[in-house]
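In listed order, ligands and their atoms are each counted from 1. Just so it is clear, the structure is predicted and the values come from calculations on it, not from any experiment. Counting begins at 1 with the first residue of the sequence.
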Amino acid sequence: MSILARARPELLRFAGYSSARMEAHGGRVFLNANESPWSGAGDATAQLQRYPEPQPPRLRAQLAACLDVAADSVLVTRGSDEGIDLLTRAFCAAGRDAVVVAPPTFGMYAVAAAVQGVAVVEVALAPDTFAYPFDAVAAACGEPVKLVYVCTPNNPTGTTSARADVLALADTLRDRALVVADEAYVEFADGPSLCGDVRQTPNLVVLRTLSKAHALAGARVGALVAAADVVDLLRRIMAPYPLAAPCIAAAEAALAPTALEATQLRVAAIRAERARVARALAALRGVRAVLPSQANFLAVRLDDPASAYRELLARGIVVRDLARYPGLGDALRMTIGRPEENDALLDVLTAWGRRTASVSGVSRGAAA
Ligand SMILES: *Cc1c(COP(=O)(O)O)cnc(C)c1O
């Protein structure tokens, strides 16, 4: 049985919009799409008068090569956010179906579900270790559950799940639900990607993005890797021309061999800085714990996170307050920046730690 049997049945025969671009084959003079025959003044490339390729073949091939998967298992998306949205809309019927998320985790899974009007089943990560609750998740997957999100490395904890555990979960849910491995930060992790497992695992979807390691958050380009029939379904419900031509060009440039070498150097620099900043933070007064992270950020537990946040902001440094995430009420998430940016963060928090320690020392003394 194909996992498409779990998609919204009314979409299986739905052809989607047939765009001029998709119907065109060959040709030299293009009078089929009501485009302007002249380029406009703001168009330095003199190509923007034409609609872009719905799934640009060169970029798709580059992504497939980079991820070591077949091109027909790649859907080029406007970032992973669009991949999450498409999966939700294709597989989940409003008022009937459900998705499983493991908080504290990335918020867009629940947002996409809420927009579509489907239930969100929450199975909490393990307290303290934030390990993914594989058995409890499998047990929570009743008939309405169509999508199960495994964010690895997880945002905002930085923890990873073992490949074998994700594959075992997918096997357990084989004909029932898609297991969606969100690998937005996998380039910063020690372990391998699950992309290579998609071919053997028809209900596994891997989300990748150029927004983090590839330094292209502004271009909004990601890749959804899945069985070809899943990719084909999502493509039919996607906007006809989702990717803007300048963004396609930026992504193609980012995946050229020399650019990929530069990306590797940046990733190595972030990993080294992550270790340095984690060590330095752990030694500061006012810091309770630095969660071990496989991503490009650190979740840091503090005695008084609100005051640290305010202090950093007063010095122009913006971090993410994690107070609304379960189990992280005392934590801030700090992205690893350039070395001098990390130094600035450490300087502010060092001074803040000394001050809060002496203040609390005084108040303890006064109370005694
Ligand atoms: C940043 C992030 C994304 C978003 O990716 P885009 O490709 O920019 O949409 C997806 N998943 C997680 C866990 C993230 O932290």
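Under a 4.0 Å heavy-atom criterion, Ala217 is not in contact with ligand 1. Look at Arg220 and you'll find a heavy atom under 4.0 Å from some atom of ligand 1.
The CG atom of Leu346 lies 11.0 Å from the CZ atom of Arg279; values are rounded to the nearest 0.5 Å.
Under the rule for a ring pair (Phe, Tyr, Trp, His ring centres under 6.0 Å), the partners of Tyr51 that lie at least two apart in sequence or sit in another chain are Tyr241.
Every atom of ligand 1 is numbered from 1 in the order shown, and the set under 4.0 Å from a heavy atom of Cys151 is 13 (C). Counting the atoms of ligand 1 from 1 in the order shown, those under 4.0 Å from a heavy atom of Asp81 are 4 (C), 9 (O). Of all the atoms in ligand 1, the ones that sit under 4.0 Å from a non-hydrogen atom of Thr209 are 5 (O), 6 (P), 7 (O), 8 (O).
Nearest protein heavy-atom contact of atom 15 (O) of ligand 1 is Tyr185 OH, 2.6 Å. The single protein non-hydrogen atom nearest to atom 8 (O) of ligand 1 is Ser211 OG, 2.6 Å, given as residue, atom name and distance. Shortest contact from atom 12 (C) of ligand 1 to any protein heavy atom: Asp182 OD2, 3.4 Å. For atom 14 (C) of ligand 1, the nearest protein heavy atom (residue, atom name, distance) is Lys212 NZ, 3.2 Å.
The pair Arg6-Asp175 does not meet the salt-bridge criterion, since no charged nitrogen lies less than 4.0 angstrom from a carboxylate oxygen. Contact check on Glu187 versus Arg208 returns a salt bridge, with a Lys/Arg side-chain nitrogen under 4.0 Å from an Asp/Glu carboxylate oxygen. By the 4.0 Å N-to-carboxylate-O rule, Arg310 lies too far from Asp304 to be salt-bridged with it.
Each of Val120, Val148, Leu173 was compared with Val100 under the side-chain contact (heavy atoms from CB on, under 4.5 Å) criterion, and only Val148 meets it.
Annotation: Tyr149 is not in aromatic contact with Phe106 [ring centroid separation under 6.0 Å not met].
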Side-chain polar contacts of residues 314-322 - donor-acceptor pairs under 3.5 angstrom, sequence neighbours left out - could you list them?
| unit_1 | atom_1 | unit_2 | atom_2 | d |
| --- | --- | --- | --- | --- |
| Arg315 | NH2 | Glu311 | OE2 | 3.3 |
| Asp321 | OD1 | Ala323 | N | 3.0 |

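Of the heavy atoms in Ser80, both backbone and side-chain atoms come closer than 4.0 Å to ligand 1.
Checking only distances, Tyr109 never comes within under 3.5 Å of ligand 1, N or O to N or O. At least one N or O atom of Asn155, backbone or side chain, sits closer than 3.5 Å to an N or O atom of ligand 1.
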